[in-house]
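Contents: one structure, followed by commentary.
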Amino acid sequence: MSYSFDNISILKDKKRVFPIMGEIHYSRVPQAEWKERLLKMKAGGVTIVSAYVIWIHHEEIEGEYDWSGNRNLRAFMECVRDCGMKMLLRIGPWSHGEVRNGGFPDWLLHKDFEPRTNDEKYFEVVKKWYTKIFEQVNGFIANPSDQFTQDNPIIGVQIENEYGHCGGLYEKQSGEAHMQRLQKIAKECGFNVALYTATGWGGAWTGGMLPVMGGYCDAPWDQRVTEIEASGNYTFTHERNDHNIGSDHGFGYGITFDLNKFPYLTAELGGGLQVTSHRRTIATAKDIAAVALSKLGSGVNLLGFYMYTGGTNPEGKLTTLQESRATGYLNDLPVKSYDFRAAVREFGQVSDTLRELKLFSYFTAEWGSDLCALPAEIPCEIKPDDFVSLRYSFRTDKKRGYIFVNNYVRHQKMAEHKNLELKSPDSKTIFPKINVQSGEFFFFPFNMSYGKTFVKTATVTPFTKIGTNNEIYVFYKRENDSADSNFFDFSERGNEKLLVLSKKDALNAWKNSDGRLIITDGDSNVIEDTNSKIEISTRSNDSIFVYPDFEKVPAGFKKIGVENKNAAVDLDEVLFAKYEPVENLQKSCEELVFEKKSAENGSVSYKIDLSGCIETLRKKSVSKNLADIFVKIAYTGNTANLYEIKDGKRRLILDNFYLGEDYPWEIGLKRFIDSKIDFANLELEILPLKKDAEIYIEKWPDFSGGEIAELHSIMTSFEFSYIIEE
């Protein structure tokens with residue numbers, strides 16, 4: 001299995017592939033949770049894992065390397081391999097990643113040379129660091145010249161990050177030379193890989209390596225505390241640059257590489273947004289998914305999301321490890337939380353973002369290689385602040401393809417388009433008239449074959465194929481389409497079964513390796529181990545729907561019938577088996593009590609006892625299927641900090657930035673089962689939110705005085721897990 005690329009796409013064994021890439025920082029996730037996180041990413045359709053090796057996490061004290069616990073890179077690589085995924089390793093040396101000093105250890109900044117320059121002393125230190133990384137990953141690299149190593153997970157390495165845009169050398173000759181020298185050092189240390197990548201936005205230097213681009217729905221690093229201009233990432237455009245990435249360092253302009261030589265790939269589409277102290281932007285699932293669709297329609301042939309799963313900053317030996325203004329950076333980040341509001345959240349919660357992005361990843365898994373060869377054709381590039389004109393594009397070879405429509409821009413009311421008649425670029429293929437409402441985004445096929453069925457036009461979106469022989473082609477309809485809508489215009493109709501799901505069912509559908517589709521509710525998710533063991537996690541008692549049916553009724557469930565899930569009344573009947581959990585499981589505990597301890601300088605502290613919840617988890621006293629307990633803390637204030645009180649001293653366990661009353665702080669307790677934390681003696685501190693604070697909050701709370709710090713409630717909810725083995 002070998003990887004390469006041409007000017008169109010990545011190639012796997014010389015055939016086009018459309019990967020989905022997702023970022024996880026192993027050092028920000030407990031080692032015990034790695035496998036579960038990776039399998040959730042895989043369930044979301046991620047095929048390539050990307051991760052920074054963050055220097056300060058491993059060599060905070062010069063010469064003392066820490067590869068233990070959450071920092072055990074070698075163990076993480078084993079986990080990636082065992083989960084059957086590929087890897088792009090981002091080896092820096094500078095990473096940014098909202099880390100102290102951008103990932104540089106403090107001691108490096110006190111040397112007699114300037115980091116990120118062409119000083120030989122700097123290169124010597126980098127070579128030592130690269131050598132230490134290679135020692136950890138040796139044996140996991142897919143060497144393109146060695147057929148016996150090509151099944152190893154590491155297929156690529158990213159060198160540096162935003163070099164020449166966010167720091168580094170800004171002059172072209174010296175900047176390109178720096179990147180080329182780092183690549184040379186990486187090769188000398190043993191990193192002989194198929195793909196060497198470099199971030200290409202903002203005028204960054206790439207050193208001739210494969211450029212990867214980015215795009216976020218907003219900019220929490222922006223220094224303004226107001227609503228900012230609409231993002232250009234919601235437009236269909238041939239421009240690959242995102243001017244707002246790294247805008248705290250200065251707005252970036254220009255592309256430094258030849259667009260004709262490299263495919264359009266992304267590594268940093270915002271899978272969420274990490275809030276800063278001054279700018280608390282809430283990235284919703286649709287905010288993120290509409291950007292991804294806009295990139296698909298603009299010709300992207302790799303969707304790479306940063307972050308795909310959030311985490312928690314590890315303990316520092318000398319300092320806290322988050323980015324902060326105290327270290328010369330422009331943004332204050334939480335000391336602990338790196339939740340990022342990602343597809344998979346800080347404590348492993350599967351978010352609506354993963355469900356939305358899964359619609360694209362399931363599609364590209366089936367039809368992505370064909371999509372790669374279809375260039376983008378954009379009839380008119382709409383300006384970001386034009387909320388009236390229809391935004392649309394094509395991926396087409398002039399005969400067949402897809403039309404992409406985006407009528408969604410974050411926080412904007414878009415013009416509605418009634419009785420819209422969409423046409424192919426040559427106007428020979430005309431779609432049925434549709435209404436496009438504000439907030440909609442979708443894509444439709446035209447002149448495409450599904451087996452022996454030839455679809456001239458369709459007003460539904462291809463999703464995946466299911467069945468033991470992939471014999472059923474699955475589509476989904478727009479949220480507001482009725483069941484009697486005319487979804488297909490066939491030129492030829494073969495014997496293939498066509499299934500049209502509702503948008504809700506598609507969002508909650510999970511495909512397994514054997515072609516089985518499991519449809520859950522919005523509080524559940526499904527992962528599959530490498531030995532085909534299925535795990536269903538849920539916070540509800542709702543039914544699941546399965547096709548093809550299980551060979552036998554799985555433990556913990558009862559079968560209660562079948563249901564036709566086809567939303568197209570004039571198409572094939574597809575009967576899904578319907579199951580319910582046997583146990584009548586509790587959805588939540590009682591509200592937890594708390595005791596107010598003190599109030600000083602506007603802040604308040606409360607004594608919290610979570611020992612009962614921890615004991616319930618340990619003993620599984622509620623159910624043998626109990627997997628986690630989530631604590632939901634509703635408060636109003638600037639920030640909240642959870643401390644352990646021991647010997648009269650406070651130790652910070654977790655923290656949170658207030659986002660608004662609709663977004664309480666949620667903590668998962670599973671990771672603490674084996675910890676030595678005294679959960680009977682916790683203190684919750686809430687710092688006051690001042691009415692005149694220079695902070696961007698999307699929805700400010702109502703309070704009468706000049707400031708507020710108040711705890712409203714602490715609720716708990718149970719998550720249950722069922723293992724299905726056939």
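Below, each value reflects all heavy atoms present in this structure, side chains not excepted, and no hydrogens, waters or symmetry copies.
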key: ring pair (Phe, Tyr, Trp, His ring centres under 6.0 Å) evaluation trace for Y402 with F363   = CA-CA 12 Å; Y402 303 90; F363 163 74; 5.4 Å; yes
How about [X] and [Y]: do any of their side-chain heavy atoms sit closer than 4.5 Å?
X: I518; Y: F550; answer: yes
X: Y450; Y: W367; answer: yes
X: V500; Y: F488; answer: yes
X: N525; Y: T520; answer: no
X: E492; Y: K452; answer: no

ask   = Which of these, K565, R493, K497, sits in a salt bridge (Lys or Arg N to Asp or Glu O under 4.0 Å) with D572?
value =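 Only match with D572 under salt bridge (Lys or Arg N to Asp or Glu O under 4.0 Å): R493.
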For [X], side-chain hydrogen bond (donor to acceptor under 3.5 Å, both in side chains) partners two or more places apart:
X: Q412; result: none
X: K511; result: E366, T464
X: R81; result: none
X: T457; result: none

query = For N495, does the CG atom have more than 12 heavy-atom neighbours from other residues, nucleotides or ligands under 6.0 Å away?
reply =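 It does not: N495 CG has 12 such atoms or fewer within range.
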key: Under the side-chain contact (heavy atoms from CB on, under 4.5 Å) test, residues paired with I723 that sit two or more places apart   =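 Testing I723 for side-chain contact (heavy atoms from CB on, under 4.5 Å), a comparison that skips the adjacent residues, returns K533, E535, S721, E725.
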Listed partners of K399 passing side-chain contact (heavy atoms from CB on, under 4.5 Å), at least two apart =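 Partners of K399 under the side-chain contact (heavy atoms from CB on, under 4.5 Å) test: D397.
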request  = Hey, could you give me each pair passing salt bridge (charged side-chain N to carboxylate O under 4.0 Å, His left out) that has a residue in residues 35-49? Not counting sequence neighbours.
outcome  =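 Listed by first then second residue: E33-R37, K35-D529, E36-K40, E36-K670.
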task = Sort and list the pairs that fulfil salt bridge (charged side-chain N to carboxylate O under 4.0 Å, His left out) and have at least one residue in residues 516-528, not counting sequence neighbours.
result =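 Residue pairs passing salt bridge (charged side-chain N to carboxylate O under 4.0 Å, His left out), neighbours aside: D514-R516, R516-E726.
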request  = Start with the C-alpha distance between V212 and E268, add both sets of side-chain angles, then the distance that settles side chain to side chain contact (heavy atoms under 4.5 Å, CB included), and finish with yes or no.
outcome  = CA-CA 8 Å; V212 288; E268 283 201 25; over 6 Å; no
query = Should D549 and Y579 be marked as a side-chain hydrogen bond (donor to acceptor under 3.5 Å, both in side chains) after you check the CA-CA gap, both sets of side-chain angles, and the distance that decides it?
reply = CA-CA 10 Å; D549 195 0; Y579 291 90; 2.5 Å; yes
key: Salt bridge D6-R16, side-chain N to carboxylate O under 4.0 Å   =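 Here D6 pairs with R16 in a salt bridge, since their nearest N and O are under 4.0 Å apart.
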query = Does the gap between the ring centers of F340 and Y306 come in under 6.0 Å?
reply =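 Yes, ring centres under 6.0 Å apart.
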message = For F475 and F487, I'd like to know if the aromatic rings sit close, meaning centre-to-centre distance below 6.0 Å.
response =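 No, ring centres 6.0 Å or more apart.
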task = Given side chain to side chain contact (heavy atoms under 4.5 Å, CB included), test D287 with Y408 step by step and report yes or no.
result = CA-CA 8 Å; D287 288 346; Y408 183 101; 2.5 Å; yes
message = Run L374 and R400 through side chain to side chain contact (heavy atoms under 4.5 Å, CB included) and show every step you take.
response = CA-CA 9 Å; L374 300 177; R400 64 194 178 92; 4.1 Å; yes
task = Identify the heavy atoms of M87 and S50 that sit nearest to each other, and give their distance.
result =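 Looking at all heavy atoms of both residues, the shortest contact is CE-C, 4.2 Å.
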task = Sequence neighbours left out, what pairs pass side chain to side chain donor-acceptor pair (under 3.5 Å) with at least one residue falling in residues 465-475?
result =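 Side chain to side chain donor-acceptor pair (under 3.5 Å) check on residues 465-475 returns no pairs.
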Could you pull out every donor-acceptor pair under 3.5 Å between side chains of residues 428-443 and any protein atom, sequence neighbours left out?
from	atom 1	to	atom 2	distance (Å)
T429	OG1	N447	ND2	3.2
N435	OD1	N419	N	2.7
Q437	OE1	N480	ND2	3.3
S438	OG	M414	N	2.9
E440	OE1	Q437	N	2.7
E440	OE1	R478	NH1	3.2
E440	OE2	R478	NH1	3.1

Atom pairs and distances, donor-acceptor, side-chain atoms in residues 289-303, under 3.5 Å, two or more places apart:
from	atom 1	to	atom 2	distance (Å)
S294	OG	A290	O	2.9
S294	OG	N406	ND2	3.3
K295	NZ	N233	OD1	2.9
S298	OG	T237	N	3.1
S298	OG	T237	O	3.4
S298	OG	S294	O	2.7
N301	OD1	R395	NH2	2.7
N301	ND2	I8	O	2.8
N301	ND2	C372	O	3.2

key: Partner residues of D82 under the salt bridge (Lys or Arg N to Asp or Glu O under 4.0 Å) criterion, sequence neighbours left out   =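 By the salt bridge (Lys or Arg N to Asp or Glu O under 4.0 Å) rule, D82 matches no residue at all.
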task = Determine the interplanar angle of the Y392 and F394 rings, folded into 0 to 90°, and report it as parallel if under 30°, tilted if 30 to 60°, perpendicular if over 60°.
result =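 The rings of Y392 and F394 stand perpendicular, inter-plane angle above 60°.
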